[in-house]
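In this text, all values refer to a predicted model and were calculated from it rather than measured experimentally.
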Amino acid sequence: MVTKIDWRRRSLPWFFFALCGWLAATTSHAQDERCEPYSLHADEGLERPADIGRRLLMLVDPGRQLEAKDVMALPSSAFTPVSSPISALTPDSTVWLRLCLQRAPQSPEHWILAVLPPYLSVVELARGTPAQHTVATQGAALPFSARELPYRGFAFSIDLPAEGSEMLHLRMESDWPAAADILVLQPGGMSRMISMEYLMYGLYLGMMLLAVVINIMFWTHLRDPVHLRYGLALACTAAFSLLVGGYGAQFLLPDSPGLILLLSNTTYAAAAAMFSLFMISAFRMRLYYRHLYRILCWLAAAFGLIALLTPFSRHFPSAEIADALALVLLPLLTFVSLHALFRHRSVRLYAIALLPLQLGVAITILRNTGLPIPIPLADHLPNIGAFIHLVLLNLLLARRAWRAQRGRMRAQDSALRTARRAETELEERVQARTRELNLSNARLQREITERMATEGRLSMALKSERDAQQMQRQFLSMISHEFRTPLAVIDAAAQGMADTLPADDENAPRAARIRRSVVRMIDVLENCLTEERLASAGARLQRTTEDLRTALWTRYGSGRSTPRIHLQLPAEPVPVHHDPQLLGIAVANLVDNALKYSPATEPVTVSLESGDGHAWITVSDRGDGVAEEDRPRIFEKYYRSPSALGRPGAGIGLHLCRELIRQHGGEIRLLPGEPGQGARFRLELPLADPEHH
């Protein structure tokens, strides 16, 4: 059996697969042709970068999942034509660029591909085919030693073949929104560009540091806070630009990319805080913009807090928060500058000086967010604005300092003229006062002469008074001595009469009255002599240490003085350093008063107690007591209660008693009590020290 084969049916699938392969190859070739190679000529890349901006193809990888071999295998239709600068860089995505280069005849083989800005976290250059390719990686997140050329940005050496083109793939990542520039230069052009960049930045940084020093000097001399705030703002800005411009990684911290990022975030927040404070001072916002003043104060505080927290927490989202606050701060400062430009003449020049800087920063932010800026020199506008701002504002601050210095000089001149006038007036016053003083001295001399004569007379009168007092004391002493003798005779005669008379004799009461009168006369004499002794100059107590129990028992024990006295003594000794005669007079006055002001049938109690370094002698009677109105004056000299006017006495006993006790370092008190329940007087004396025993 012969089988007939249908070749048309068997060949149809192979034909279909071949057609698809041809179409795919044709399509792929057509698509690859869209990556038009840029021909590099000998005169390009030497004086200026080659203009490759319109030959770039871009692919955005939002999830960061593509690798170099995957991107190389993609057709050109997967890419989007873009122009430099590339403004699609965001913190959460990766951007791939495809670039085809070829060198024209007579052009050099060696070229350099440069990528800016320097703060891109990763820049990767892939060359070759998907199956066999090489990858060179640089970036701000890597140490500076990983870079092929010592450049603040990222530079890759490229050796182009003599014939044909080479397809290059660039992968770029950034932690901040950024706009990337792609440059192709010859080595000589690269050297010239680096020299020019470093020269311009050196001049810019030098101007900023000079402005910082000048403003600090102005603040030190004038104490105007606007100079200090502007100087600190410029210092923070210079540090920030040094770090984000790649110079910090190249010259200061080449092996510390994490520290570079940390310092960049810190100086960024600190610069924003200090510029906010500077705007508050320069534009007098507390006067002109009260509501915005509060907002700006809060923003300055927030930026300052971010600057303080960033070095201590690596996970603190300082960059994100600072960027969000900057989106509020920049429009606010721009509004203040524009408003002040037209409304407030006194700060108009500050607005003119700050507007170029604010315009440059705004253009940078817009370019980083992807908005095209159709303005010539848009890439250099931030630097131009910063330069104009730096020149104009420092001129304004120098003018402000000059005005302040001129005002200070004027104030000093005015103060000097005022001081001279005051000095002239003072000299005139001194001369007038001198004349008055001479007259006063003459009058004073006359008064001194008169007073000396008066003093002489007073001295003579005082001497006469002292002599009279001395004679009085001598007279009293003599009278006392002369009275004591006859009074003692009278008392002895009365006592003898009383002893010989029977109890029922009518003369017995008379003898008792005679004896009482004699005792009263002796007490009056003793009080007068004691008071005179205390009042005399140079009087001293004749102290001795004695047990008060012995002294009280000797005088009042067993009713020796009178059977009405009841004595209560402690069992332990009570040593007191005292004058026995004067203390005896004080106690006798209290006892005599108690006997005199209490009924003849009632006893008088004399008790002695000690404790806590003191001794207490309490004299209690059962008379009418002391009226409430008499208590404040009971110890006054010569004071006698109206109720005691019918009884004998001179009113000096209690006063003398208090003075005697105070001479001993003690005190006498009238203890509280109800009227009609008798009076209680307590003497308080310090106990003798052990060395007086």
Side-chain angles (χ1 to χ4, degrees), residues 44-45 47-56 58 82-91 94-97 99 101 111-125 136-142 144 146-158 168-187 189-202 204-205 240-251 254 257 260-261 264 360-361 363-370 372-373 377-386:
E44 287 187 319
E47 298 296 335
R48 57 181 178 81
D51 187 12
I52 62 171
R54 298 181 181 180
R55 303 296 176 90
L56 295 174
M58 181 183 70
V82 293
S83 59
S84 182
I86 311 302
S87 56
L89 292 172
T90 58
T94 298
V95 172
W96 288 89
L97 295 179
L99 172 63
L101 295 177
W111 295 79
I112 295 177
L113 177 67
V115 181
L116 291 172
Y119 51 83
L120 297 177
S121 57
V122 175
V123 178
E124 183 178 280
L125 176 63
T137 305
Q138 302 179 26
L142 301 175
F144 191 82
R147 303 187 188 185
E148 183 178 352
L149 297 176
Y151 176 51
R152 68 182 186 96
F154 314 106
F156 303 90
S157 297
I158 303 174
L168 307 177
H169 291 84
L170 275 174
R171 182 173 72 91
M172 295 183 294
E173 295 179 4
S174 177
D175 293 330
W176 296 335
D181 288 305
I182 312 299
L183 310 175
V184 178
L185 303 99
Q186 295 181 25
M190 186 70 181
S191 300
R192 291 188 184 91
M193 187 184 76
I194 292 176
S195 300
M196 184 60 64
E197 283 185 352
Y198 285 21
L199 175 63
M200 295 303 296
Y201 185 79
Y204 176 68
L205 184 62
F240 176 71
S241 63
L242 186 70
L243 295 171
V244 300
Y247 302 99
Q250 181 176 358
F251 299 109
I260 291 288
L261 179 61
S264 300
V361 174
I363 290 175
T364 301
I365 294 175
L366 293 176
R367 290 179 71 245
N368 290 341
T369 56
I373 306 296
L377 300 176
D379 296 342
H380 302 284
L381 279 180
N383 296 330
I384 295 173

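- Here F156 pairs with nothing under the ring-ring contact (aromatic ring centres under 6.0 Å, His included) rule; sequence neighbours left out.
- Residues meeting the ring-ring contact (aromatic ring centres under 6.0 Å, His included) test with Y247, sequence neighbours left out: Y198, Y201.
- Among residues two or more places apart in sequence or in another chain, the side-chain hydrogen bond (donor to acceptor under 3.5 Å, both in side chains) test is passed with R147 by none.
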Report the C-alpha distance between D181 and V115 in whole Å, list the side-chain angles of each, state the deciding distance to 0.1 Å, and finish with yes or no for side chain to side chain contact (heavy atoms under 4.5 Å, CB included). CA-CA 6 Å; D181 288 305; V115 181; over 6 Å; no
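- Listed by chain and number, the residues in a salt bridge (charged side-chain N to carboxylate O under 4.0 Å, His left out) with E173 are R64, R171 (sequence neighbours excluded).
- At a threshold of 4.5 Å between non-hydrogen side-chain atoms, the residues M58 and V95 count as touching.
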For L101 and L168: C-alpha separation, side-chain torsions, deciding distance, then whether side chain to side chain contact (heavy atoms under 4.5 Å, CB included) applies. CA-CA 8 Å; L101 295 177; L168 307 177; 3.8 Å; yes
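- Closest approach of A140 to P257, counting heavy atoms only: O-CB, 3.2 Å.
- With E148 contributing its side chain and S157 its backbone, the two residues share a donor-acceptor pair below 3.5 Å.
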Is there a side chain to side chain contact (heavy atoms under 4.5 Å, CB included) between I182 and L56 once you walk through the steps? CA-CA 9 Å; I182 312 299; L56 295 174; 4.2 Å; yes
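- Here the shortest heavy-atom pairing between L116 and G153 reads CD2-CA, 3.8 Å.
- Between A180 and P117 the shortest heavy-atom distance is CA-CD, 3.9 Å.
- Considering only heavy atoms from C-beta on, L97 comes within 4.5 Å of V82 through its side chain.
- Residues passing the side-chain contact (heavy atoms from CB on, under 4.5 Å) test with I260 are L243, L253, S264, sequence neighbours excluded.
- Considering CD of E124 and CE of M172, their distance stands at 12.0 Å, rounded to 0.5 Å.
- Residues L99 and L170 are not in side-chain contact: their nearest non-hydrogen atoms beyond the backbone lie 4.5 Å or more apart.
- Taking the side-chain hydrogen bond (donor to acceptor under 3.5 Å, both in side chains) definition, one finds that S191 meets it with nothing, sequence neighbours left out.
- The side-chain contact (heavy atoms from CB on, under 4.5 Å) test applied to A155 returns I112, L149, Y151, M190, not counting sequence neighbours.
- Looking only at side-chain heavy atoms (C-beta outward), E197 and R152 come within less than 4.5 Å of each other.
- Atom CG of L113 and atom CZ of F154 lie 12.5 Å apart (nearest 0.5 Å).
- The closest side-chain heavy-atom distance from W111 to L185 is not below 4.5 Å.
- Using a 4.5 Å heavy-atom threshold, the side chains of M193 and L183 count as touching.
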